[in-house]
Amino acid sequence: MLFVFGFPANQVNAETNPLAIEKLAQLSSDNLLDTLVDNGLILPEGLEQNEYTENAVKTIVSDIERGVVSTDHIPYNYTELAELARRILDVSPLKSSVKASIR
């Protein structure tokens with residue numbers, strides 16, 4: 001007799017997790033960057049906590065929410081933005097066993 005056990009993956013509750021993409025997407029650009037940095041985001045070399053980075057983070061989080069960006073697909077050509085997206089995914093609850101492909 002063969003027994004197969006299935007264990008459901010941990011699900012993230014958007015109401016209790018401050019890094020749930022649904023909650024992050026609702027934040028203003030400056031609050032969004034501050035929240036991510038406060039929760040472990042390390043900005044890639046060449047990016048500072050300024051208006052450009054705030055806008056980039058807002059766009060990346062919006063793209064994550066829409067499914068354009070995932071751990072399996074990071075569509076940005078600019079190396080620092082691709083690295084920033086990877087790091088945002090690393091601190092957010094959207095984890096995947098597949099490495100991000102940076103194009």
How many angstroms lie between [atom1] in [X] and [atom2] in [Y], if you round to the nearest 0.5 Å?
X     : Y     : atom1 : atom2 : result
Leu84 : Ile42 : CG    : CD1   : 12.0 Å
Asn31 : Leu36 : CG    : CG    : 11.0 Å
Glu65 : Asp63 : CD    : CG    : 10.0 Å
Ile21 : Lys23 : CD1   : NZ    : 12.5 Å

Testing the 3.5 Å rule here: is there a donor-acceptor pair between the side chains of [X] and [Y]?
X     : Y     : result
Gln49 : Asp34 : yes
Asp38 : Thr35 : no
Asp72 : Ser70 : no

How close do [X] and [Y] get, counting heavy atoms only, and between which atoms?
X     : Y     : answer
Glu45 : Glu80 : O-CG, 3.6 Å
Leu33 : Val57 : CD1-CG2, 3.8 Å
Tyr52 : Leu47 : CE2-CD2, 3.8 Å
Ile74 : Leu89 : CD1-CD1, 4.2 Å
Ala85 : Tyr76 : CB-CE1, 3.8 Å

ask   = Considering only heavy atoms from C-beta outward, does the side chain of Ile60 approach that of Ile88 to under 4.5 Å?
value = yes
ask   = Is there a side-chain contact between Leu27 and Leu24, using heavy atoms and a 4.5 Å cut-off?
value = yes
request  = Please name all residues satisfying side-chain contact (heavy atoms from CB on, under 4.5 Å) with Ser29, sequence neighbours left out, ordered by chain then number.
outcome  = Glu54, Asn55, Lys58
ask   = Step by step, would you call Leu43 with Glu48 a side chain to side chain contact (heavy atoms under 4.5 Å, CB included)?
value = CA-CA 7 Å; Leu43 296 176; Glu48 301 173 13; 5.6 Å; no
Salt bridge (charged side-chain N to carboxylate O under 4.0 Å, His left out) between Asp90 and Arg87, intermediate numbers included = CA-CA 5 Å; Asp90 284 347; Arg87 291 180 183 196; over 6 Å; no
